[in-house]
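Some notes on the structure that comes next.
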Amino acid sequence: MTNAIGELEKDATAIFLIGTNTTENHPVIGYKIRKNVRENGAKLIVADPREIELAKMADVYMQFRPGTDVALLNGMMNVIINEGLLDKEFVETRTEAYEAFAQVVEKYTPEYVSPITGVAAEDIRKAARIYAEAERASICYAMGLTQHSTGTDNVKSCCNLALLTGNLGKPGTGVNPLRGQNNVQGACDMGALPVVFTAYQGVGIEANREKFEKAWGVKLSGQNGLTLTAAINKAHHGELKALLVLGENPMVSDPDLDHVEDALDNLEFLMVQDIFLTETAQRADVVFPGVTFAEKEGTFTNTERRVQRVRKAISNRGDARQDYEILCELSTRLGYPMSYSSPEEIFEEIRTLTPSYAGITYQRLEGKGLHWPCPTEDHPGTPILHKEKFNRGLGLFHAIEFREAAELPDAEYPLILSTGRSLFHYHTGTMTRRAVALDLHQPENEIQVNPATAAKLGIIDGEMARVVTRRGNIELKARLTDIVKENVIFTFFHFSEAAANVLTNASVLDPVAGIPEYKVSAARLEKIS
Amino acid sequence: MANYQDIIASCKDKKGGIIEAYHALQREFNYIPREAVAEAARVFGVSEAQAYGVATFYSYLSVEKRGKYIVRMCESAPCHVAGADKVLKAMEDYLGIKVGETTADGKFTLELTECVGQCQATPVITVNSQPVFNVSSEKIPEILSAYK
Amino acid sequence: MAEEIRILLAHADQIDPAQAEDYIKVGGYKGLEKARGMTSKDLIEEVKKSGLRGRGGAGFNAGMKWSFVPPAEVKYVVCNLDEGEPGTYKDRIICEKNAQALIEGMAICGVAINAQQGYIYCRGEYPFVVDLLRKAIQSAKDVGALGDFDIEVRMGAGAYVCGEETALIESIEGHRGEPRFKPPFPGVAGLWGVPTVVNNVETFACLPYILTNGADCFASIGAPKYPGTKVLTLTGDVNNPTYFEVPTNYILSDVVYKLGGGVKNGRKFKAVQVGGTSGAFIPEQNLNTPIDFDSMSAIGAALGSGAVLVMDETRDIVDIVTRISKFFEHESCGKCNPCREGTFRCREIMEKINSGRATEADIDNLLLLARVMKRAALCGLGQAAPVPITSTIEHFGHEYRRKLLQYA
Amino acid sequence: MIKLTIDGKEIEVARGTMLLDACRQAGADIPTLCYDPDLRLAGSCRMCVVDVKGRPALVASCVAPAENGMVVQTESDDVVESRKIILELLAARHKFECPTCEKDGECKLQDYMYRYGVKESRYDGEGPHFGMEDPNPFIERDYDKCIMCTRCVRACDGITGAQAINVKDRGHHAKIAAPFDGKLADSTCVFCGQCIMVCPVGALSSKVAAGQGKPAQNKKVLTTCTYCGTGCTLELNVNNDRVVGVTSNRDENWSPVNKGALCVKGRFGWDFIHSPDRLTTPMIRENGGLRPASWDEALDFAAGKIKEIKEKYGPDSLAMFSSARVTNEENYLAQKLMRAVIGTNNVDHCARL
């Protein structure tokens with residue numbers, strides 16, 4: 001997030017949610033948004049293919065066709081430009097490449113965009129006006145925006161919208177991805193990415209390598225590594241031979257599970273470090289028992305870049321070991337002795353190599369934590385980014401044309417399948433399916449179907465139905481609900497026994513981010529007779 | 001018979017008019033059906049829990065099904081001293097039900113009420129909110145038999 | 001002196017209260033016209049000078065109350081027509097006889113505080129009064145008497161507590177009728193959070209007279225510190241159980257014996273409860289008290305709603321108070337602890353006494369509970385609920401003791 | 001600033017300060033049941049009443065603004081008498097099962113009864129009369145312990161915004177209820193448990209934590225939630241080296257993101273920690289199955305395989321999926337292992353999934 005979570009509760013006078021079912025996936029942030037709307041009269045714009053809970057209290061709700069985000073956003077920006085609602089001063093002083101961008105947006109009139117997105121032109125106008133006229137408007141999005149073959153374009157379009165209206169660098173504004181996992185921000189910050197060291201220091205840049213080579217005492221590769229999805233594909237082709245998995249479960253979380261299974265089976269060596277014998281661990285050659293957050297010291301970085309402490313409450317279970325100790329042991333056996341007396345010692349090393357974390361110490365994290373960037377020990381942290389200037393200097397407009405999703409419905413697969421999360425479960429269910437109350441409350445997966453669609457197929461509420469895509473099929477309990485439109489069906493991906501990712505597409509990824517298109521698969525629903 | 005959605009919709013322009021909507025519903029159904037509470041919550045922008053809380057707060061509102069004629073005996077002090085107990089007993093005997101119950105044919109529901117403001121002519125009963133004055137236990141059969 | 005003085009009911013049964021024309025023929029809407037010609041400040045001053053005090057529980061000077069209203073874009077005038085005190089029906093009578101005076105009075109208040117919208121909150125027991133008022137308002141609008149002032153009638157639904165002004169406001173807002181804590185007072189933050197004047201029917205209905213005849217004229221009627229008239233409703237064991245309008249210096253015994261025609265069936269007087277069910281029971285020795293606010297306060301009573309319930313020598317005081325305690329249990333909104341639990345326990349203990357199962361300790365418990373409720377309850381309901389109990393233990397203690405276990 | 005005298009002590013507070021805060025500032029310990037600084041004021045429990053000179057009735061300090069020149073007594077005879085009677089009234093409707101109550105030791109009714117020496121209630125009539133069973137797996141609702149402070153209703157509305165519960169009926173029959181007095185699962189309840197957090201007595205408690213440790217026996221460890229990216233602070237309740245519950249800290253200085261608010265996963269989804277399925281020993285694949293192994297054996301085996309593959313196919317034939325669920329420190333080591341030790345940049349995690 002460019003801005004802090006707390007600003008959504010009091011500072012933002014308008015909030016634009018696109019592709020985030022906030023009350024289910026980030027409940028506590030959802031509470032804050034709802035409070036701001038109810039108690040302070042903040043305006044709310046919701047764009048989502050499903051009529052999510054917050055849509056009910058929105059000033060404008062746009063139920064758009066999955067995969068048409070760019071068209072919708074360009075439509076809003078077209079209105080803003082044509083009605084003169086843009087922040088001219090901000091555009092002039094803090095941005096560049098406006099002209100090319102504006103030229104592209106020109107054709108995206110609400111009337112042009114309406115048939116593409118399925119949203120009434122008037123609603124697009126209304127949304128544009130609310131967002132642009134607000135004193136402080138915030139955009140929040142989540143995987144609903146990013147998990148597309150056009151995910152990067154979608155995000156850039158959100159940035160365009162914020163740049164166009166000057167909604168950056170002030171409290172209550174910003175472009176705010178709500179990240180789905182407790183430490184996904186931290187994992188990125190720490191360089192668990194194929195192209196960067198910590199703090200997004202590119203591996204291809206010599207100076208960066210030199211710095212890390214000096215610190216680590218070894219020569220480093222400058223060649224970009226494989227993304228997760230690419231690695232699976234390489235394994236499938238037999239080029240990747242060994243995979244070390246630390247607390248991940250690709251056998252549930254990754255697209256096209258049959259493909260994943262083949263890929264893992266193709267490996268010469270699979271190592272898994274986890275707290276449970278996950279679907280992935282079951283295929284491993286060696287399994288190491290790690291520990292849960294309750295048994296750990298360390299830090300997590302949340303979606304607003306706030307680094308916070310994790311504190312050990314209980315001792316390791318059984319013969320399990322601290323995950324960092326396992327990594328150290330392995331490293332040592334591989335001829336690179338690693339030993340740290342505590343996570344804090346590791347953190348001290350991180351600080352020296354990570355400019356945005358340089359000013360953070362465990363001691364300073366007691367209490368409220370710190371938002372990076374925090375370059376020095378007397379720096380208060382940075383809740384709001386891009387205040388005076390952007391990292392690159394001027395904010396860059398991107399001219400983005402709308403592209404359709406990779407897989408569109410056709411006669412054989414007439415529906416659009418989207419996947420996502422439930423309030424009661426988390427990711428691959430490794431933890432929540434073993435939390436007794438959560439699993440009792442929601443023990444099984446479902447397919448959300450519009451009653452009209454179900455009626456055409458003769459499917460009744462609660463009945464098992466078959467969902468089929470080009471990758472495979474699964475049987476799910478049909479839940480009839482009009483929160484989805486007639487052409488859309490939706491299911492959760494937490495349930496390994498009815499794994500949504502059997503259905504999803506691994507063949508087309510976002511070209512930049514490598515993200516799979518979980519939100520759009522062409523699908524067919526069948527009655528099981 | 002009007003449907004509950006239309007009845008509620010007819011009150012939607014009254015700010016905070018949920019109680020008015022409940023009255024209108026009761027004029028039609030003699031009680032507030034469950035679906036109507038939910039619909040009223042939606043129309044007046046309050047939670048269902050709140051709409052239900054309002055419906056159960058006021059003694060003239062009921063979320064339970066009631067008879068065609070709601071007969072209420074005033075039991076406030078002026079009627080009490082004028083012999084409300086005897087009148088009530090007579091009504092229970094005549095209708096064959098206790099307070100709070102509805103006759104098997106769905107015609108009468110017997111309730112108690114506090115003062116209805118007709119204390120010039122105690123004891124007072126009301127039938128669907130219309131007061132009947134100076135009642136006595138003897139007059140009950142005649143009074144109630146008039147309601148078909 | 002034992003004469004009625006009719007200000008509010010002067011034209012009772014001579015005009016159709018639903019018809020503004022009828023009212024205008026007898027001089028109606030002159031007061032409003034006059035008010036419109038005055039500055040807001042002068043108008044409030046005039047009402048202050050009349051000495052008109054709220055005819056509800058607190059007896060606060062009406063003009064004074066209005067003068068506290070701060071400037072705001074939107075304000076409301078609210079009429080409390082939720083007379084829920086058992087034995088009371090004077091507001092109904094005023095409406096049924098002279099609804100236009102109420103409407104005019106509210107409009108005068110609207111001029112004084114610069115409000116364009118009024119609400120009448122009418123108790124659910126009076127659906128016919130609601131109908132009448134709606135017609136009367138329409139008629140007043142049709143003849144152009146109200147100008148840009150509008151009045152909406154809202155109907156309560158059977159909750160005595162909504163007679164408390166903040167509970168009434170909650171109810172108009174469509175909420176449970178639970179009183180709010182004060183401050184803020186409605187005059188500052190009332191209906192939908194904006195400044196709101198709440199007065200009852202009788203108070204508003206006095207205004208046309210005050211404006212038409214002048215503040216001094218009104219101030220000269222009745223008790224100097226609580227001038228004007230008061231509509232009383234007589235119930236219970238009297239020969240003439242009806243309503244009267246009398247000047248405020250009228251003596252209680254005259255109410256019972258002259259207007260009421262004395263105790264029914266030639267029986268002897270035992271007690272009179274004044275001001276409705278939350279009022280004190282007054283024994284014979286205090287009957288010589290004038291009915292005005294301050295004189296009644298001096299004997300621990302309150303004129304309140306103007307209900308006068310007469311009980312003859314055969315009446316069982318403890319039984320009646322037991323019944324009253326049931327009323328308060330039934331009508332407590334349940335918000336605050338002292339009232340919700342207190343009214344419930346009062347009824348339990350009263351029933352225990354009334355059925356001969358109690359001891360002296362129960363009376364002590366009752367007095368202790370009464371003291372706490374009076375001091376600690378959130379609103380007037382819980383504070384006043386024990387008054388019938390304490391006043392009867394004070395004046396008719398022997399009737400309680402006769403029912404205790406050891407004497408049974 | 002205004003000046004007032006509280007228990008003989010003259011203090012100065014800012015205009016607009018509530019009397020309760022002024023009294024606390026003056027060192028007076030004012031008991032409260034319905035008051036909650038994070039919730040809309042109710043002013044209904046009347047435990048915080050104080051004696052203000054010149055006022056005919058006692059004043060509920062939580063809803064009364066302090067006024068210049070006020071002379072206040074916080075424990076006058078009248079005040080103490082009122083508080084005792086209020087406690088007795090509440091005690092008469094409360095089901096006392098303190099020995100087995102989840103809130104035993106952290107119950108405000110208990111605390112205040114102790115403080116004011118209220119051993120029993122003089123009101124010996126009808127006792128607790130609601131009862132309640134709600135089949136949801138998260139929240140125990142026992143309205144025979146409810147004291148009608150309505151903090152749960154206000155938290156459900158003001159913190160979570162779910163508005164699932166409200167007061168139904170009135171007077172002594174008034175009760176906290178979901179719509180139609182039904183189950184929470186049929187309401188808009190999201191099982192966040194904020195109602196449990198604010199309940200001053202044992203009327204609301206966690207079914208997941210039930211019977212595992214009383215508040216006083218539990219050590220509370222402040223940490224960051226393991227689920228979504230919001231980063232809520234929570235307190236792991238630890239008893240005998242086991243996590244037995246989750247509570248939350250409402251102090252913004254320690255719980256900056258959520259200020260005590262949690263979601264259903266954070267508050268009720270912790271028991272996987274002690275799942276019998278937990279891996280407790282390393283395992284090695286043998287004959288198609290996984291068998292337990294010692295750490296040394298497993299580590300040697302893994303290191304051997306990694307070396308072998310690296311030597312045979314080069315470092316880029318290996319990859320690691322690190323995790324968005326482990327700590328920063330562990331992620332750092334994971335990428336360091338791949339980059340510095342194995343010599344490849346093939347490291348990623350599930351940020352995209």
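Every heavy atom of this structure was used, including side-chain atoms; hydrogens, water molecules and symmetry mates were not. Just so it is clear: chains get the letters A, B, ... in the order the sequence lines come, proteins before strands, and each one is counted from 1.
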Closest-packed option against chain D by number of heavy-atom pairs under 4.5 Å, given [options]:
{"options": "A:Asp323, A:Thr332, A:Val272, A:Ile5", "result": "A:Asp323"}
{"options": "A:Val203, A:Leu178, A:Leu244", "result": "A:Leu244"}
{"options": "A:Phe197, A:Tyr518, A:Phe293", "result": "A:Phe293"}
{"options": "A:Tyr336, A:Tyr324, A:Phe269", "result": "A:Phe269"}
{"options": "A:Gly222, A:Pro250, A:Ser331, A:Ala4", "result": "A:Ser331"}
{"options": "A:Val310, A:Thr301, A:Ile314, A:Asn501", "result": "A:Ile314"}

Member of A:Asn183, A:Asp189, A:Thr198, A:Thr354 meeting the side-chain hydrogen bond (donor to acceptor under 3.5 Å, both in side chains) criterion with D:Asn328: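 Considering A:Asn183, A:Asp189, A:Thr198, A:Thr354, a side-chain hydrogen bond (donor to acceptor under 3.5 Å, both in side chains) with D:Asn328 is found only for A:Asn183.
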[Y] side chain reached by [X] side chain, heavy atoms, under 4.5 Å:
{"X": "D:Thr160", "Y": "A:Arg34", "value": "yes"}
{"X": "D:Phe272", "Y": "A:Ile275", "value": "yes"}
{"X": "A:Asn182", "Y": "D:Thr224", "value": "no"}
{"X": "D:Val208", "Y": "A:Val436", "value": "no"}
{"X": "D:Arg278", "Y": "A:Phe276", "value": "yes"}
{"X": "A:Met338", "Y": "D:Lys336", "value": "yes"}

Between D:Asn249, D:Thr188, D:Leu333, the one whose heavy-atom pairs under 4.5 Å with chain A are most numerous: D:Leu333
Ring geometry between A:Phe288 and D:Trp295 (parallel below 30°, tilted from 30 to 60°, perpendicular above 60°):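 The arrangement is parallel - the two ring planes meet at less than 30°.
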Ring geometry between A:Phe424 and D:Phe138 (parallel below 30°, tilted from 30 to 60°, perpendicular above 60°): parallel
Closest non-hydrogen atom pair, [X] against [Y]:
{"X": "A:Cys188", "Y": "D:Ala351", "answer": "SG-CB, 4.1 Å"}
{"X": "A:Pro516", "Y": "D:Leu353", "answer": "CG-CD2, 3.7 Å"}
{"X": "D:Asn331", "Y": "A:Ala192", "answer": "OD1-CB, 3.6 Å"}
{"X": "A:Asp319", "Y": "D:Pro282", "answer": "OD2-CD, 4.5 Å"}
{"X": "A:Leu327", "Y": "D:Ala334", "answer": "CD1-N, 3.9 Å"}

Side-chain ion pair, D:Asp296 and A:Arg333, N-O less than 4.0 Å: yes
Sidechain N-carboxylate O distance under 4.0 Å for A:Arg317, D:Asp241: yes
Listed partners of A:Glu268 passing side chain to side chain donor-acceptor pair (under 3.5 Å), at least two apart: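 With sequence neighbours excluded, A:Glu268 shows a side chain to side chain donor-acceptor pair (under 3.5 Å) to D:Tyr313, given in chain and number order.
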[X] portion near chain A, given a 4.5 angstrom heavy-atom threshold:
{"X": "D:Ile309", "answer": "side chain"}
{"X": "D:Gln194", "answer": "side chain"}
{"X": "D:Glu235", "answer": "neither"}
{"X": "D:Leu222", "answer": "both"}
{"X": "D:Leu234", "answer": "side chain"}
{"X": "D:Ile342", "answer": "side chain"}
{"X": "D:Ser255", "answer": "neither"}

side-chain hydrogen bond (donor to acceptor under 3.5 Å, both in side chains) between A:Asn224 and D:Asn345, worked out: CA-CA 6 Å; A:Asn224 283 349; D:Asn345 285 313; 5.8 Å; no
Any donor-acceptor pair under 3.5 Å from A:Gln147 side chain to D:Arg352 backbone: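 Side chain of A:Gln147 to backbone of D:Arg352: a pair is present.
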Nearest-0.5 Å distance, CG of residue D:Asp271 to CZ of residue A:Arg434: 12.0 Å
ring-ring contact (aromatic ring centres under 6.0 Å, His included): pairs with one or both residues in residues 321-352 of chain D, sequence neighbours excluded: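 Every candidate ring-ring contact (aromatic ring centres under 6.0 Å, His included) pair involving residues 321-352 of chain D fails, so no pair, neighbours aside, qualifies.
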Exceeds 12 heavy-atom contacts within 6.0 angstrom, atom NZ of D:Lys220: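 Yes, enclosed.
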